[in-house]
Amino acid sequence: MVCAVFKNLIVMARRYSNFLKYLVFQSQSRKSALAAFVEQWAQWGDQSLDASKVRLDVIDTTAIGAFNRWGGDNQFPWEDVPDWKALDVKGFDLSIWHDEQLCGLCYATPRDSKVTIKIVLLEGSPDSQHPLKGLIAALALGSVDAYARVIGCSCIEIQEPRPDAVPTYERLGFGFDARQRLVISVERT
Amino acid sequence: MKMSPRKTNAQLVASFSAEAKKLGGLMSANQKRFFSVAIAHGKDMEPTGPLAGESR
C-alpha cells in the first residue's frame, strides 16, 4: 500500500516536472525569437515601428478577450486553445502584441511526432493598419522555429495554409514536398 | 536505491531554462530569413486575417 502511494507520488512528480519543462521551453523560445526579431529590426534601421513594444506571449483569457474584440467572423476556435494545451503538453501557443494591441495568434504542435511540428492555426488581426501587419507570419514562424530546435523537431509544416498566404510562406523559404505538404527544414545553429 | 535531492520549482525552472538556451542556440538561418524578408517586404508581405488552419 505504502509502496503504491509512493509510486503514484513519483509519477505525479514526473508529470509535473514534464509539464513545467515544456512551459519553460515555450517561454524561452518566445523570448529568444523576440530577441532575434529585435536584433534584425535594429540592423534594418527602420524607424516605422518601436520594436521594444513587440511582445510574444501565451494565449490566455487576456488574448482571447482581445481576439473577441477584433470582430469579424471568428473562423478559428482560439477560445479552445487553453483546453488543447491542457491535453497537449508540447503544444505551443503564441499571442503577438504591439504594446496592448493584439496583432496575431498562433498554435502549433508536434503532437506525437518527434520530427515535425505543425502550424495548426495562424491568424493576423483583420485590421489592415495594425502595427505588425506584414510581420505576423515571420514572428510566429520565428518563434516556432526556436521551439522546434529546443524540442528537437527537424521540420515545420503549415497545416491548411490559406491559398492567398501561400506566396508569403514561399517567400519565407517554405516549399511543397512530394506529399504536397508545405514545409521547411529546421536548421541547427 | 539512491535518491536525488528534490529540486525546488525555482531550481527546476532555472535548469529547464538553461537546457532550452543550450538546445535552442543562437539565431537560426531560418529566423534571419523570416525576419529580414518580412521587414524588407513591409505591410504587403501577408494578407490580413487567417493565414493557416481549418475553419470551424
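Here is the naming used below: chain letters follow the sequence lines, and residue numbers restart at 1 for every chain.
For a residue to count as touching a neighbouring chain, one of its non-hydrogen atoms must lie under 4.5 Å from one of that chain's; by this rule S17(A) touches chain B with backbone and side chain alike. Heavy atoms closer than 4.5 Å to chain A are found in both the backbone and the side chain of V13(B). Heavy atoms closer than 4.5 Å to chain B are found in both the backbone and the side chain of Q40(A). Of the atoms belonging to K22(B), not a single heavy atom falls under 4.5 Å from chain A. No part of A148(A) comes within reach of chain B, as not one of its non-hydrogen atoms sits under 4.5 angstrom from that chain. With a 4.5 angstrom heavy-atom cutoff, N30(B) touches chain A via backbone and side-chain atoms both. Heavy atoms of S128(A) lying under 4.5 Å from chain B belong to its backbone as well as its side chain. With a 4.5 angstrom heavy-atom cutoff, E39(A) touches chain B only via side-chain atoms. Both the backbone and the side chain of L135(A) have a heavy atom closer than 4.5 Å to some heavy atom of chain B.
Contact count versus chain B (heavy atoms, under 4.5 Å) is highest, among D145(A), L105(A), N74(A), for D145(A). When each of P161(A), P77(A), A140(A), G104(A) is scored by its heavy-atom pairs under 4.5 Å with chain B, the top score falls to P77(A). Chain B forms the most heavy-atom pairs under 4.5 Å with one residue out of H130(A), K133(A), E160(A), and that residue is K133(A). The most heavy-atom pairs under 4.5 Å with chain A, out of S17(B), P50(B), A38(B), come from P50(B). By number of non-hydrogen pairs under 4.5 angstrom with chain B, the leading residue of V120(A), L182(A), L23(A) is V120(A).
With 3.5 Å as the limit, one finds a donor-acceptor pair spanning the side chains of Y107(A) and D88(A). Checking E123(A) against W70(A) by side-chain atom types alone, no donor-acceptor pair falls below 3.5 Å. Using modelled atom types and a 3.5 Å distance limit, the side chains of K85(A) and Q26(A) yield a donor-acceptor pair.
In this pair, Y147(A) and F92(A) present their aromatic rings parallel. The plane angle is below 30°, not in the 30 to 60° band. Using cut-offs of 30° and 60° on the angle between ring planes, the pair W78(A) and F67(A) is perpendicular. Using the six-membered ring where Trp is involved, Y16(A) and F19(A) have ring planes that are tilted, between 30° and 60° apart.
At least one side-chain heavy atom of P131(A) sits less than 4.5 Å from a side-chain heavy atom of L49(A).
Atom CZ of F25(A) sits about 13.5 Å away from atom CZ of R149(A), to the nearest 0.5 Å.
With a 6.0 Å cutoff to the six-membered ring centre and a 45° limit on the axis angle, R162(A) does not count as a cation-pi contact of Y169(A).
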